[in-house]
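What follows is a set of notes on a single structure, which appears directly below.
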Amino acid sequence: MNYSNLIKVSTRALLRNKFRSFLTMLGIIIGIGSVIAMLAIGQGSKLSIENQVSSMGSNMVMVMPSSQSRGGVQLGNDDSKKLTVDDAKAISEECDAVSLVSPEVRSSGQVIYAKSNAPSTIYGVSPEYLDIKKTKITDGRIFTDKEVRSAAKVCLLGKTVIKNLFGENVNPIGYTIRFKSIPMQVIGVLEPKGENSFGQDQDDVILAPYSTVQKRILAITHVQTIVTSALSEAASADAMTQIETVLRTRHKLKTGDANDFEVRSQAELVKMFTSISDMLSMLLGAIAGISLLIGGIGIMNIMYVSVTERTREIGLRMAIGAQSFDILMQFLSEAMLLSVVGGIIGIILGISSAKIITSLANWPTVVTSNSVIMSFLVCTVIGIFFGWYPAQKASRLDPIDALRYE
Amino acid sequence: MAKKILEVKGLRKEFHVGDITVRALRGIDLTIEQGEFVAIMGTSGSGKSTMLNILGCLDKPTAGEYWLDGIAVAGLSKNELASLRNKKLGFVFQSYNLLPRTSAIENVELPLFYNPEIKAKERREIAMQALESVGLADRMHHTPNQLSGGQQQRVAIARSLVNDPVVIFADEATGNLDTRTSYEVMSLFQELNAKGKTIVFVTHEPDIARFTTRNVVFRDGHIIKEQMVDPRGNARELLNNMPINTDYE
């Protein structure tokens, strides 16, 4: 029997039981469909994280104090007083793989203008901060070094803060707002950045000189983070080692002492976040894979029923000249047809549900050709794997017994 | 002397059921020539079905020799037997064994699917001719459940003819049919025989056996009687003389 005949005969046999064939396929359809959709969600979130993080500056290197324990009590990072403005200056002077450096101190609180108020976060930084974070100013100016030295009460506002305090389409430059009762004059407006992939509003920010936030708001002398920019993305590994050396010397750490700070590059961050989303998509994929397995077992089950039901047909086919191999191929191709057609419908379903998810839930999804090819191969393999045993059973029937089977 | 289509010598068949050995055939010698219409008769357990299975190349004998159309069958493999059945033999069964929900023409085509020498286009033509020869050309697209018992058996006969076999084996082919339909089927077999087809017909009904040319009677694994049929019944004539069937009016 040649292949076109084989497919014709198998199709005919499956069409004899349309509804049953459809129900059997449903397992595969749902399995493949969910694998495709799940992988699309995983891939989509990974890609959007990658884009987001690298839009924040892919050559950014951050220094944070490491969490410390005092008397067995773990303390939060921000409470550490290990990093100072002088550390930042030393990095800027001594590390040649680092181009820009800015200290960062944060404080959350109410920001008030006239009768409006809103919770927000103020970031105390140096003017280099804008370049490090790849943020632009749409209006006004950044504070000067002189203003930093004098701890001037000036600030730049993000779009969300402006909206909360002044309403839409108002230019706030020149007005004075208050943050935690400290009056500050608005000197610039930041370019809107939107939400990042963690749902955090990047426009709900106030930038001020780090000295202002340190002295006037927090009354501290240390800084919480030092953000730096390596010369290039490739140089970020060098920058990290240099920063580590400089800080270890400055902090007088002996060989063998653990660092009291942590250096992280943006490239590492990307890796960390995408590894989370990789794990997530693997998990989702595995769950979907189980439903695929169950679909395969469904095919095996139906093929068994079919072989038993059609014992006399098998006997007849053998009597009129079918060889064992012909019977094997017939049932195998029926099983494969079920799984492959189911798989194709599943792929279509998966792609369209990924599209629907994107348009309804606004989640980024990416259907990769890899996942489609993989699913197609998997369902072919499922057809062979789960069809083999019933098909072999059929091919080994004795024609005399099979013909008399009631 | 006509050509020998089937020839068996010293044929034995034993089955092992647990510790017991059942001797189904105990040394059979039989020759069937071209153009014969042989009835193999006997009661249940006489060995006639075992004989048919071996003659039909569905089973292998324990001992003895068998030539089918000049080919020594005993040494052939399972696959060679399948190909032999496909090219040289036709089968008609008591329960028709048609594929359900499949049209008459597709049922008739079935043996040709397993013959790689026949192209898809020829297949339909040959099947159509076979269906015409049993008088069911107008029913080609009917499925078995749209056909009467007699019509289904005629489709089965067309299927057995489609590969132009050297011999047709019929196993109780009238067993499920009423007398009138039986006679119709027998008359069809007689027509085919008159055209030169060799037919081996297993039955336990003497009534049916009288339409054949020779009766071979089995009992306990032996042939106990072999006789030419004389006078031979003519199924067509009997059919014409039968009162019109009023059962379904």
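By convention in this document, chain letters (A, B, ...) are assigned in the order of the sequence lines, proteins followed by strands, and residues within each chain are numbered from 1. Just so it is clear, the values below take in all heavy atoms, side chains as well, and ignore hydrogens, waters and symmetry mates.
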CH2/Trp388(A): more than 12 non-hydrogen atoms of other groups inside 6.0 Å: no
- line: For Ala322(A) and Ala82(B) the tightest heavy-atom approach is O-CB, 3.9 Å
task: Give the C-alpha distance, both sets of side-chain angles, the deciding distance and a yes or no for side-chain contact (heavy atoms from CB on, under 4.5 Å) between Phe93(B) and Leu316(A).
output: CA-CA 9 Å; Phe93(B) 302 95; Leu316(A) 172 85; 3.7 Å; yes
task: Write down the atom of Gln323(A), the atom of Asn79(B), and the distance for their closest heavy-atom approach.
output: NE2-O, 3.1 Å
Contact class of Pro100(B) relative to chain A, heavy atoms under 4.5 angstrom: both
- request: Drop me the distance from Ile400(A)'s CD1 to Asn53(B)'s CG, to the nearest 0.5 angstrom.
  value: 4.0 Å
statement: Heavy atoms of Lys78(B) and Ser324(A) approach each other most closely as NZ-OG, 3.5 Å
Gap separating the CG atom of Leu15(A) from the CZ atom of Arg101(B), nearest 0.5 angstrom: 11.0 Å
message: Quick one, Asp398(A) with Asp59(B), criterion side-chain contact (heavy atoms from CB on, under 4.5 Å). Give me CA distance, side-chain angles, the key distance, then yes/no.
response: CA-CA 9 Å; Asp398(A) 180 53; Asp59(B) 205 354; 6.0 Å; no
Segment of Leu403(A) engaging chain B (4.5 angstrom heavy-atom cut-off): both
Heavy-atom pair of closest approach, residues Asn86(B) and Gly321(A): CB-CA, 3.6 Å
task: Count the heavy atoms belonging to other residues, nucleotides or ligands that lie under 6.0 Å from CE of Met374(A), then report whether that count exceeds 12.
output: no
task: Look at the side chain of Glu313(A) and the backbone N and O of Leu99(B), then say whether any donor-acceptor pair between them is shorter than 3.5 Å.
output: no
task: Determine the minimum heavy-atom distance between Ala319(A) and Phe91(B), stating which atoms define it.
output: O-CE1, 3.4 Å
message: Which heavy atom of Arg123(B) sits nearest to which heavy atom of Lys8(A), and what is that distance?
response: NH2-NZ, 3.9 Å
CZ (Phe325(A)) with more than 12 external heavy atoms under 6.0 Å: no
task: Supply the atom-to-atom distance Asp171(B) CG to Arg404(A) CZ, rounded to the nearest 0.5 angstrom.
output: 7.0 Å
task: For Arg85(B) and Ile320(A), indicate whether the former's side chain and the latter's backbone hold a donor-acceptor pair under 3.5 Å.
output: no
message: Evaluate Thr102(B) against Arg16(A) for side-chain contact (heavy atoms from CB on, under 4.5 Å), listing each step before the verdict.
response: CA-CA 8 Å; Thr102(B) 306; Arg16(A) 262 190 259 156; 3.6 Å; yes
field: Atom OH of Tyr304(A) with >12 non-hydrogen neighbours under 6.0 angstrom
entry: yes
- request: Please flag which part of Arg12(A) lies under 4.5 Å from any non-hydrogen atom of chain B: side chain, backbone, both or neither.
  value: side chain
message: Return the CD1 to OH distance between Ile327(A) and Tyr114(B), rounded to the nearest 0.5 Å.
response: 4.5 Å
field: chain A contact via Gln94(B) - side chain, backbone, both or neither, heavy atoms under 4.5 Å
entry: neither
